[in-house]
Amino acid sequence: MGLRLILGRAGTGKTTTCLQEIAEECRKSPTGAPLLLITPEQATFQMEYDLNTAFGLEGTVRAQVLSFGRLAYRLLAQVGGQAGAPVDSMRKQLELEKLLFNRKEKLKVLKQSAEEPGFSQELAGFITELKSFHISPADLKEKAEFLFSQPEGKLTGEKLIELSELYADWEATGLVDPADFPDLVAKRLREADIYRDAKVWIDGFREFTPQELAIISSLLAVAQEANITFCCDRKVMEQVNDNDLFYPNQNTLAQLLALSGRSNLTPETDLLLQVKYRFESFPEGNFLEESFVNNKVSGWSEELRNITLHAAVNRRAELEGAAREILRLCREEGYRFRDICVITRDLSLYQELFLVVFADYNIPYHLDEHRTLAHHPLVELIRSALEAVMSDWSYEPVFRYLKTDLAQLSLEQVDRLENYALEHGIKGQTWFDTSPWSYIRRRNIGEEGPVSTSQEKDLAYVNHLRTIATKPLRAFQLALEKADNARAYSIAVIDLLEELGVRERLAALSKDLGIDTQGLAWEKVLDLFDTLVNSLGDGKLSLQQYVRLLARGLEDLRLPRKLPGIDEVLICSPDKCFNPRLKAVILIGLNEGVLPARIGPTGLLTEAEREALRNLGLNPAPGITARAFAENYLVYL
């Protein structure tokens, strides 16, 4: 079958061309071979929405809008090929923690790093990266041993040998890793009939991993036709410098042409879009795009109508200015909230501020980010209860536990108990001593005398609060002392939550707030305990080891992304903005080091180690230099 490349710079209508062609195919023949549009994960919802609204389909049974990941799940669900259920990221990290623990005595270079929080997460990402680039444990070990044999590469080689052994340990577990699905899909696509004679469009990508190229190769073998878009211009037909904006696109195009058995782009086969429709009523945008591509800095001589620049004294003032502009556009210009997008390169700098500022201005919004549960009261309750027991009932963890508002005391009662504990130095075994507290305030040292009626009432009230506070926690402590494996520890934690009535309390909060975030938090925490038990089983485990594994699991808990509403302002990072029909974009955080982002080393490999592997013929993910150029491309988009 043939491969058609749809090329064009920003604003020339590449995505629109794909959607129009798919819509026309659906209107021409509502049933028939599948019409498959593959886009990045974060673009699938918007593309499917646009296909069924902006192009007048109002529904289709032929067209499918999928990411590579979703394509894998759908294909394997229908034609089979995977043995067992895939492990999620949490289970993968826990299994890697076990492997690290079992191998810790053999580790030398990685010994200290393996003790750091987040190392298992880094290791999981490293293994996924190697799988994406078709690097096996044997490949990595072979190159590592060669480096180890060289005087200047001894340390790097030793580190890579340890990583290759951990990678091999993971493969030996036999667990189903979702990172293997693309390779399985590439094989099953050629054998199955599900997408045979389909028409395929691939849009929104700049580069493909070897796994994704393998899937594309299989699609080329079975589909009727394939169309792939690229953001670039006719310069890609020539040799460009490695610092050119479209240099990575040229390399990817060369790989795709090789897959299709062609050696060059041809006007008869491929489509080069040149008219920039997006900028027909936006001359400033056209000027910026031209200047960026041609690397020419010149002044805009006409009046600025469609771009404004604003400075703010701090981030809150910046968001308040953005909120006022959003309301002005909606009230005076007739915009809808869904026509507006707020883009920032680093959402973490603004995430909490959006909750406050946009609520103050009554602006509905969709934040395209997984919400973390690291600071949720339920997570804090579990974390502080364990710390209180392990620290012999120290003041800080005990009162963090009580102040979660899930420990059967009101915040006012907790304050009363805290004041008494601080005044009289309550800590350790004093909390659960069988005798009641009888400490009272005296005006002078050595003063004695009868306890007044009001003091007796105060003591009775404080001891009553103490009983409520300590009874469940003391039972929890005794259960932990008897436990010696992940199952028993987990049962002790869940029993504490049941004793406190946490599920009912969270359900009441969900009802009061009108959202089910609390219920989702409860389910996520229970899933984590299931994962811990399934992964660690009944093997002997110290409380310290269990708490370490649990803490790392709690840190990584995320709520699923909420789907955008009918009329909400979209808030996202620039690499997740895939709506060509936006009418206004507010770009915040346009500061040095934020946009373009300051690029630093990431993952377990340094830039020098990645370069050493490249020199030996292994190509892991791009390093700092390539990511810096990719950042410029992101600014261009």
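Counting heavy atoms from C-beta outward, Arg70 and Thr44 have side chains that stay 4.5 Å or more apart. With contacts defined as side-chain heavy-atom distances shorter than 4.5 Å, the pair Thr12/Val275 does not qualify. The side-chain heavy atoms of Ile228 and Ile6, taken from C-beta on, include no pair separated by under 4.5 Å. Looking at Phe399 and Ser384, their side chains never come closer than 4.5 Å, going by heavy atoms from C-beta outward. Within the 4.5 Å cutoff, the side chain of Phe208 has no heavy atoms near those of the Gln255 side chain.
Glu284 contributes no side-chain N or O that, together with a main-chain N or O of Ile307, makes up a donor-acceptor pair within less than 3.5 Å. The main-chain N or O of Phe230 is never found under 3.5 Å from a side-chain atom of Asn249 such that the two would form a donor-acceptor pair.
Applying the salt bridge (charged side-chain N to carboxylate O under 4.0 Å, His left out) criterion to Arg400, with sequence neighbours excluded, gives Glu380, Glu387. Scored by the salt bridge (charged side-chain N to carboxylate O under 4.0 Å, His left out) test, Asp567 finds Arg336 as partners (sequence neighbours excluded). Contacts of Glu333 classified as salt bridge (charged side-chain N to carboxylate O under 4.0 Å, His left out), with partners at least two apart in sequence or in another chain: Arg328. Looking at residues two or more places apart in sequence or on another chain, you find no salt bridge (charged side-chain N to carboxylate O under 4.0 Å, His left out) involving Arg338. Taking the side chain to side chain donor-acceptor pair (under 3.5 Å) definition, one finds that Asn251 meets it with nothing, sequence neighbours left out.
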**Request:** In sequence, state the C-alpha distance, the side-chain angles, and the governing distance for Glu290 and Asn294, and then conclude on side-chain hydrogen bond (donor to acceptor under 3.5 Å, both in side chains).
**Result:** CA-CA 6 Å; Glu290 290 279 355; Asn294 298 315; 3.3 Å; yes
**Message:** Please evaluate residues Gln274 and Leu272 with respect to the criterion side chain to side chain contact (heavy atoms under 4.5 Å, CB included), reporting the C-alpha separation (whole Å), side-chain torsions for both, the decisive distance (0.1 Å), and the verdict.
**Reply:** CA-CA 6 Å; Gln274 300 188 65; Leu272 179 63; 4.1 Å; yes
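Ring-plane geometry between Tyr365 and Phe354 is classed as tilted, the angle between the planes lying from 30 to 60 degrees on a 0 to 90 degree scale. The aromatic rings of Phe246 and Tyr633 stand perpendicular to each other, their planes meeting at an angle above 60°, with 30° marking the opposite boundary.
Every pair passing salt bridge (charged side-chain N to carboxylate O under 4.0 Å, His left out) that includes a residue from residues 339-364 is listed here, sequence neighbours excluded: Arg316-Asp360, Asp339-Lys583, Arg345-Glu631.
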